[in-house]
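Take a look at the structure below.
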Amino acid sequence: MAALYSTSSCFCGSLDSYPVHKSVKLGHGKVRDSGFYFPHRFQCASPKLHVQAKALSVDGLPEIMDSSLVVCFGEMLIDFVPTISGLSLAEAPAFKKAPGGAPANVAVGIARLGGSSAFIGKVGEDEFGYMLADILKENNVNNEGMRFDPGARTALAFVTLRSDGEREFMFYRNPSADMLLQENELDFDLITKATIFHYGSISLITEPCKSAHIAAAKAAKDAGVVLSYDPNLRLPLWPSAESARKGILSIWDTADIIKVSEEEISFLTQGEDPYDDAVVRKLFHPDLKLLLVTEGPDGCRYYTQEFSGKVKGLKVEAVDTTGAGDAFVAGTLSQLASDLSLIQDEDRLRNALKFSNVCGALTVTERGAIPALPTREAVVNALLETVA
């Protein structure tokens, strides 16, 4: 649940350390290998960044071919969304359960768009956990890296929807299974064969998941995999604001691609203006290839070593902003996975980000995160309508 649209949040649940539990490995899931290709190579030290050019499809977007895998690491959970907007949790007459969790949302989003994705994380050995594993498989996401914990439940989040479509959260993590993933449970073969390894910051909050996160990212980096980072700030889950800022920034300089919201820029810079390019550039570390700043319905800004700019968003009536930022990330990574030379070509990058903005916009028109993620066809049709 990344923040493409601004949110206010309320959390409950203890974050104390708990004993490590045993886990069960999930069997192989179904994989669909496909992605987006563009007309030339991107020359870089990383072997993962050398991608062969391919032709465009009839709809003007890159042809989907068997290609690059995006592995998403972190939490997967159940969102309970009120069936009526604009009410508090106590007032809501009923809730609709919807699968969610930012990294899992991105994985499904990529697969919906025709790309190749996998998810690595931990859920409870319970009905919700098995339901989530099945949802990944049904959506053509590789779930080989998923683990089950018999001693902890799958995380739950009750999400209130205000009349303007914005969200308030109440999480149940005491602890939840995602917090208990251990380094020795990681599928390193899956991680190292990826083209892009994507993650957030929630998996950095507690042990043993923090150590597993760091080990997974290091293995990916050492294998030449491109690292994609969406901090996805959920401040009340951290012990303090300072620990959140320190934790998020502790892995900042290792990422090749970073996506942040305006609110996250203000937080990380301790109150500076997120619309000031000079402030944003403070977050641009020397090895960073692409920094994206999402602005909800207003679109996004992009920053590379050579250029920067803004791409307008698509105006829609928001029903539920849950998962909008994740849909944006999925739209972006589904294209970059097959050709990072996009980052060096401003015109093509802008076109790619128009696609990503539409992915986010379409997601807010339905309730829930994963249920609302758009298909490639839906995004293409929306793009065609904007130019008609």
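Residue Glu295 is tested with Lys310, Lys312, Lys259 for a salt bridge (charged side-chain N to carboxylate O under 4.0 Å, His left out); the sole match is Lys310.
To the nearest 0.5 Å, the span separating CD on Gln305 from CG on Asp287 amounts to 8.0 Å. To the nearest 0.5 angstrom, Leu290 atom CG is 5.0 Å from Ile343 atom CD1. The distance from atom CG of Leu233 to atom OG of Ser266, rounded to the nearest 0.5 Å, is 11.0 Å.
For Asp149 and Lys122, the salt-bridge test passes: some basic side-chain N is under 4.0 Å from an acidic carboxylate O. Ion pairing between Lys96 and Asp79 fails under the 4.0 Å rule for side-chain N and carboxylate O. Salt-bridge check for Asp276 with Arg281: failed, with every basic side-chain N at 4.0 Å or more from each acidic carboxylate O. Classification of Asp189 and Lys193 as a salt-bridged pair fails, no side-chain N sitting under 4.0 Å from a carboxylate O. Electrostatic pairing of Glu207 and Lys210 does not count as a salt bridge here, judged by no charged N lying under 4.0 Å from a carboxylate O.
The backbone N or O of Ala361 lies less than 3.5 Å from no partner atom in the side chain of Thr365, so there is not a single donor-acceptor pair. The backbone N or O of Arg173 sits nowhere less than 3.5 Å from a side-chain atom of Ser176 that would complete a donor-acceptor pair.
Checking Asp277 against Tyr303 by side-chain atom types alone, a donor-acceptor pair falls below 3.5 Å. Looking at Glu242 and Ser240, their side chains never bring a donor and an acceptor atom within 3.5 Å of each other. Ser334 and Arg112 share no donor-acceptor pair across their side chains, judged by distance under 3.5 Å alone.
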request  = Quick one: do Thr332 and Ser356 satisfy side chain to side chain donor-acceptor pair (under 3.5 Å)? Show the steps, please.
outcome  = CA-CA 6 Å; Thr332 302; Ser356 303; 2.8 Å; yes

key: Test side chain to side chain donor-acceptor pair (under 3.5 Å) applied to Arg350 and Tyr302, step by step   = CA-CA 9 Å; Arg350 290 181 62 85; Tyr302 57 89; 2.9 Å; yes

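The number of heavy-atom neighbours closer than 6.0 Å to CZ of Arg367, taken from other residues, nucleotides and ligands shown, is above 12.
Residues Phe158 and Tyr172 place their aromatic rings such that the two centres sit under 6.0 Å apart.
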